[in-house]
Amino acid sequence: METYDLPELFQLVASYDRSFESLAYPKTEQQQGKADLTAESWAAALGDIPADFAKSVVVEHYRRNSTSVSTSVIHREWVEYRNQQIQKAESAEIRAKRRPSAEESLRGWERATAALLEARGQDPDEAIGDIRARRAVLQVKCPVCKAPPGRGCVVNTGRRIQPLSNNNSHPSRFEAAGIEQQRPTLPPRSREYREEIPLAEQPPVAE
Ligand SMILES: [Zn+2]
């Protein structure tokens with residue numbers, strides 16, 4: 001609060017409390033001098049507390065008390081208010097951390113997949129580009145095997161229907177999605193990776 005904010009505050013206080021009347025409405029030179037001095041000392045004590053906040057404390061104070069308001073009452077309320085604000089901000093931050101957005105969890109999934117592919121000797125940027133392309137292709141229905149959006153392409157071996165090798169999509173499905181077909185990016189697979197590939201290439205479940 002600034003010194004020039006104080007006369008208005010004193011007038012508000014005076015409307016509840018007659019002992020502030022000469023500060024709010026000084027009639028003599030002596031009263032004016034005292035009012036000026038008090039305004040300065042209150043401004044110093046209230047520091048950066050906004051005038052509107054101080055006014056709301058005054059109103060609240062006289063709702064509950066018959067004793068006079070003081071700078072320490074206003075200051076105490078301000079400290080409490082600030083602490084509450086900090087706590088709110090902190091708990092909002094914690095909540096935000098606990099619940100990553102869909103976009104964030106998708107990025108997390110991509111990072112995890114890229115790390116896996118990188119471990120197998122692939123360029124992670126290329127791998128992520130590949131994953132994104134594959135996901136975009138999955139958004140359209142396959143014109144060849146009729147796999148619906150979101151489902152992988154299948155091949156009918158005559159004996160049974162199974163996913164296309166490498167969980168790939170039919171070339172026409174790339175075309176239908178307007179995506180340039182990826183060259184085969186997976187290095188020759190050894191048996192031990194066989195179980196990991198479908199997991200890594202499974203897009204996260206849409207919420
Ligand atoms: Zn297909």
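None of these values were measured; they are calculated from a predicted model.
- Summarising the geometry of Cys153 relative to Ala147, their closest heavy-atom pair is CA-CB, 4.1 Å, with the distance given to 0.1 Å.
- At least one donor-acceptor pair closer than 3.5 Å links the side chain of Gln139 to the backbone N or O of Arg135.
- Between Tyr62 and Val69, the closest heavy-atom pair is OH-N, 2.9 Å.
- Taking OG from Ser72 and NE2 from His75, the interatomic distance works out to 9.5 Å, rounded to the nearest 0.5 Å.
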ask   = For Tyr81 and Glu77, what are the C-alpha separation, side-chain angles and deciding distance, and is it a side chain to side chain contact (heavy atoms under 4.5 Å, CB included)?
value = CA-CA 6 Å; Tyr81 171 78; Glu77 291 296 326; over 6 Å; no

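- For the residue pair Ser19 and Asp17, a side-chain donor N or O sits within less than 3.5 Å of a side-chain acceptor on the partner.
- Shortest non-hydrogen contact noted between Pro7 and Thr3 is CD-O, 3.4 Å.
- For the pair Tyr25 and Ala14, the tightest heavy-atom approach, listed with the atom from each and the gap, is CE1-CB, 4.4 Å.
- Minimum interatomic distance between Lys88 and Ser91 (heavy atoms only, all atoms of both residues): O-OG, 3.1 Å.
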Return a table of donor-acceptor pairs under 3.5 angstrom between the side chains of residues 34-50 and protein atoms on other chains or two or more places apart.
from: Asp36; atom 1: OD1; to: Gln32; atom 2: NE2; distance (Å): 3.0
from: Thr38; atom 1: OG1; to: Lys34; atom 2: O; distance (Å): 2.6
from: Ser41; atom 1: OG; to: Leu37; atom 2: O; distance (Å): 3.3
from: Ser41; atom 1: OG; to: Thr38; atom 2: O; distance (Å): 3.1

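- When the side chains of ILVMFWY residues are joined at heavy-atom separations under 4.5 Å, either directly or via intervening members, Val155 and Phe174 end up in two distinct hydrophobic clusters.
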With a cut-off of 3.5 Å and sequence neighbours excluded, list every side-chain donor-acceptor pair involving residues 53-60.
from: Lys55; atom 1: NZ; to: Glu8; atom 2: OE2; distance (Å): 2.9
from: Ser56; atom 1: OG; to: Phe53; atom 2: O; distance (Å): 2.7
from: Glu60; atom 1: OE1; to: Arg63; atom 2: NE; distance (Å): 3.2
from: Glu60; atom 1: OE1; to: Arg63; atom 2: NH2; distance (Å): 3.0
from: Glu60; atom 1: OE2; to: Arg63; atom 2: NE; distance (Å): 3.4
from: Glu60; atom 1: OE2; to: Arg64; atom 2: NE; distance (Å): 3.0
from: Glu60; atom 1: OE2; to: Arg64; atom 2: NH2; distance (Å): 3.0

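- The two residues Lys146 and Lys141 have their closest heavy-atom pair at O-CE, 3.9 Å.
- Looking at Arg173, its side chain does come within 3.5 Å of a backbone N or O of Val140 through a donor-acceptor pair.
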task = Take Met1 and Ile74, measure what side chain to side chain contact (heavy atoms under 4.5 Å, CB included) needs, and give me the verdict at the end.
result = CA-CA 11 Å; Met1 286 188 78; Ile74 297 171; over 6 Å; no

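- The shortest distance between side-chain heavy atoms of Gln162 and Thr157 falls below 4.5 Å.
- Distance alone, capped at 3.5 Å, places no donor-acceptor pair between the His170 side chain and the Leu164 backbone.
- Residue Gln30 places its CD atom among 12 or fewer non-hydrogen atoms of other residues, nucleotides or ligands, all under 6.0 Å distant.
- For the side-chain contact (heavy atoms from CB on, under 4.5 Å) criterion with Ser169, the lone passing option out of Val144, Leu138, Ile179 is Leu138.
- For Gln85, the CD atom sits in a packed shell: over 12 heavy atoms of surrounding residues, nucleotides or ligands are nearer than 6.0 Å.
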